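What follows is one structure encoded as structure tokens, with my remarks underneath.
The residues of the chain are indexed from 1 along the displayed sequence. Quick caveat, the model's predicted, so the values are computed rather than measured.
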Amino acid sequence: MGSVKGTKGAVVEGARGGAADERLRRWRLVLGGDSADGTGCALGGRDAAMDQALTALYGKGDKPQTGRDRSAGLGASAPSVARWLGDIRTYFPSSVVQVMQRDAIDRLGLSTLLLEPEMLEAVEADVHLVGTLLSLNKAMPETTKETARAVVRKVVEDLEKRLATRTRATLTGALDRSARVSRPRHHDIDWNRTIAANLKNYLPEYRTVVPERLIGYGRASQSVKKEVILCIDQSGSMAASVVYASVFGAVLASMRSISTRLVVFDTAVVDLTDQLDDPVDVLFGTQLGGGTDINRALAYCQSQITRPAETVVVLISDLYEGGIRNEMLKRVAAMKASGVQFVTLLALSDEGAPAYDREHAAALSALGAPAFACTPDLFPEVMAAAIEKRPLPIPDSA
């Protein structure tokens with residue numbers, strides 16, 4: 001029961017803060033009002049309605065509700081769920097609504113109801129809902145698919161607005177710095193860096209710096225400077241990572257100086273590069289779940305590399321390998337030896353590191369490819385470091 005009370009308590013706390021005189025009311029909402037709650041506090045009006053919404057989801061303890069038990073809460077019918085979705089959006093902020101929706105899907109088995117268009121129109125869309133919809137993609141009736149695509153597109157567009165500008169700016173700067181030359185033409189000189197590099201040559205009597213060493217920008221070019229291969233594990237546990245990676249893939253593909261390839265895999269490998277202009281198409285081209293063959297995926301990526309020294313390969317996986325482990329490690333070692341910058345991300349999401357294969361992570365780290373979880377906000381910095389061939393900004397918790 002403790003985990004349910006903890007989740008419910010977090011929901012109540014997120015919904016309404018309170019001074020000390022509200023503590024008893026909040027405890028009553030958390031404990032649920034049965035004979036053992038000990039508060040003796042009665043609820044009315046908005047609080048009573050909020051309590052009913054919480055009880056519908058959390059009122060049956062840790063055991064998932066099925067059959068007759070479920071009828072005491074949300075029930076298995078679309079109308080009751082639709083009413084409940086409307087209620088929680090009335091009483092709780094968006095961030096809390098998303099938590100409650102995820103709990104409803106997990107605890108009450110409501111995934112099948114998401115196959116109905118009216119349900120999709122009622123839910124608060126977020127990355128986790130997109131992951132659920134992608135896992136249901138093959139079972140989704142045609143009448144629902146357009147609504148599902150609209151829900152996914154809204155989330156994707158919101159993510160692009162949040163991530164695109166900073167990603168482009170960070171990587172453009174990294175590309176410029178990586179292209180700097182030591183014998184620039186006059187109009188290509190980076191004067192700020194040149195002066196900083198020559199301060200030791202300052203002549204006080206002339207009040208000037210002798211620019212013994214010139215630093216310049218690489219000449220502007222429309223040619224591709226770097227090649228990036230995103231290799232994404234589409235096993236069920238990686239749903240959020242697949243969503244974020246697809247959005248970043250589309251952003252990278254929009255930059256003319258970066259050639260971007262996006263590959264997804266389970267036991268098979270699918271190249272979705274030709275769909276990168278629309279990340280929604282990419283997402284609906286994935287198939288969440290199934291086994292994992294990292295070695296096969298890396299073999300394909302390796303076959304696509306034409307300029308090793310200018311290539312960054314990003315493997316996004318929890319590293320639970322179902323293929324040939326030693327071959328996987330040999331491929332990573334061979335790519336690194338050829339000059340490829342190899343990045344291993346255990347997750348690309350806001351949720352921290354998932355469960356992962358620690359033995360494989362340690363083996364990759366020994367090859368100079370440390371594996372760590374990465375938030376979407378950190379990803380541009382990771383890519384910039386890889387492009388400039390400098391140490392990756394690995395989080396302290398990794």
Side-chain angles (χ1 to χ4, degrees), residues 127 155-181 184 188 190-194 196-197 215-232 240-263 273 276-279 282 307 309-316 339-353 368-398:
V127 169
V155 174
V156 166
E157 288 176 351
D158 288 346
L159 289 176
E160 283 188 301
K161 289 177 184 176
R162 167 188 159 192
L163 302 171
T165 300
R166 180 166 171 266
T167 299
R168 291 192 186 101
T170 301
L171 297 191
T172 297
L175 290 165
D176 286 345
R177 288 188 293 273
S178 68
R180 283 187 173 126
V181 295
D188 289 333
D190 181 344
W191 285 108
N192 288 334
R193 287 173 60 88
T194 294
I215 299 176
Y217 300 104
R219 300 203 65 191
S221 172
Q222 298 301 318
S223 63
V224 171
K225 297 177 182 177
K226 294 290 180 179
E227 298 183 5
V228 174
I229 302 176
L230 300 177
C231 185
I232 310 168
S241 297
V242 171
V243 176
Y244 280 114
S246 298
V247 172
F248 277 118
V251 173
L252 295 177
S254 70
M255 301 178 65
R256 286 180 293 182
S257 53
I258 298 178
S259 173
T260 305
R261 184 172 294 276
L262 189 143
V263 176
T273 302
L276 272 175
D277 59 333
D278 188 344
V282 169
R307 300 193 302 154
E310 305 302 330
T311 299
V312 178
V313 174
V314 183
L315 171 65
I316 304 174
V340 171
Q341 296 296 108
F342 195 92
V343 179
T344 310
L345 301 182
L346 301 170
L348 178 55
S349 72
D350 290 308
E351 300 174 330
F372 58 98
C374 177
T375 65
D377 288 338
L378 180 62
F379 185 74
E381 300 297 335
V382 170
M383 291 302 300
I387 286 171
E388 295 183 70
K389 300 183 179 181
R390 54 183 171 83
L392 302 178
I394 300 174
D396 293 336
S397 58

Exercise. Which atoms form the tightest heavy-atom contact between P279 and S246, and what is the distance?
Worked result: CB-O, 3.8 Å

Exercise. After noting the C-alpha distance and the side-chain angles of V343 and L315, does the key distance pass the side chain to side chain contact (heavy atoms under 4.5 Å, CB included) rule?
Worked result: CA-CA 6 Å; V343 179; L315 171 65; over 6 Å; no

Problem set entry | Minimum heavy-atom distance between P370 and I394, given as atom pair plus value | CG-CD1, 3.5 Å

Exercise. Can you name the nearest heavy-atom pair linking P393 to L378, along with the distance?
Worked result: O-CD2, 3.6 Å

For this session: Would you give the length of the straight line joining atom CG of L175 to atom CZ of R256, rounded to the nearest 0.5 angstrom?
Result: 13.0 Å

For this session: Under the side-chain hydrogen bond (donor to acceptor under 3.5 Å, both in side chains) rule, collect the residues that match up with E310, sequence neighbours excluded.
Result: K226

Exercise. Hey, does the side chain of K389 reach the backbone of A309 with a donor-acceptor pair shorter than 3.5 angstrom?
Worked result: yes

Exercise. Which atoms form the tightest heavy-atom contact between A386 and L392, and what is the distance?
Worked result: N-CD2, 4.0 Å

Problem set entry | Heavy-atom pair of closest approach, residues L230 and A245 | CD1-O, 3.9 Å

Exercise. Under the side chain to side chain contact (heavy atoms under 4.5 Å, CB included) criterion, do V282 and L262 qualify, and how do the steps go?
Worked result: CA-CA 9 Å; V282 169; L262 189 143; 3.9 Å; yes

Exercise. Does E157 have any side-chain hydrogen bond (donor to acceptor under 3.5 Å, both in side chains) partners at least two apart in sequence or in another chain, and if so, which?
Worked result: none

Exercise. With F248, which residues qualify under ring pair (Phe, Tyr, Trp, His ring centres under 6.0 Å), at least two apart?
Worked result: F379

Exercise. Where the side chain of S241 meets the backbone of L348, is there a donor-acceptor pair that is under 3.5 Å apart?
Worked result: yes

Problem set entry | Contacts of F342 that satisfy ring pair (Phe, Tyr, Trp, His ring centres under 6.0 Å) - sequence neighbours left out | none

Problem set entry | Closest non-hydrogen atom pair between S349 and A240, with its separation | CB-CB, 3.9 Å

For this session: Would you please test N192 and T194 for side chain to side chain contact (heavy atoms under 4.5 Å, CB included) and show each step?
Result: CA-CA 5 Å; N192 288 334; T194 294; over 6 Å; no

Problem set entry | Partner residues of T172 under the side-chain hydrogen bond (donor to acceptor under 3.5 Å, both in side chains) criterion, sequence neighbours left out | none

For this session: Check the pair T273, T260 against side chain to side chain contact (heavy atoms under 4.5 Å, CB included), reporting the backbone distance first and the verdict last.
Result: CA-CA 7 Å; T273 302; T260 305; over 6 Å; no

Exercise. Sequence neighbours excluded, which residues qualify as salt bridge (Lys or Arg N to Asp or Glu O under 4.0 Å) partners of R162?
Worked result: D350, D377

Exercise. Are R261 and E227 close enough for a salt bridge, meaning some N to O gap below 4.0 Å?
Worked result: no

Exercise. Where the side chain of T311 meets the backbone of V340, is there a donor-acceptor pair that is under 3.5 Å apart?
Worked result: no

Problem set entry | Donor-acceptor contact present, side-chain T170 to main-chain T167, <3.5 Å | no

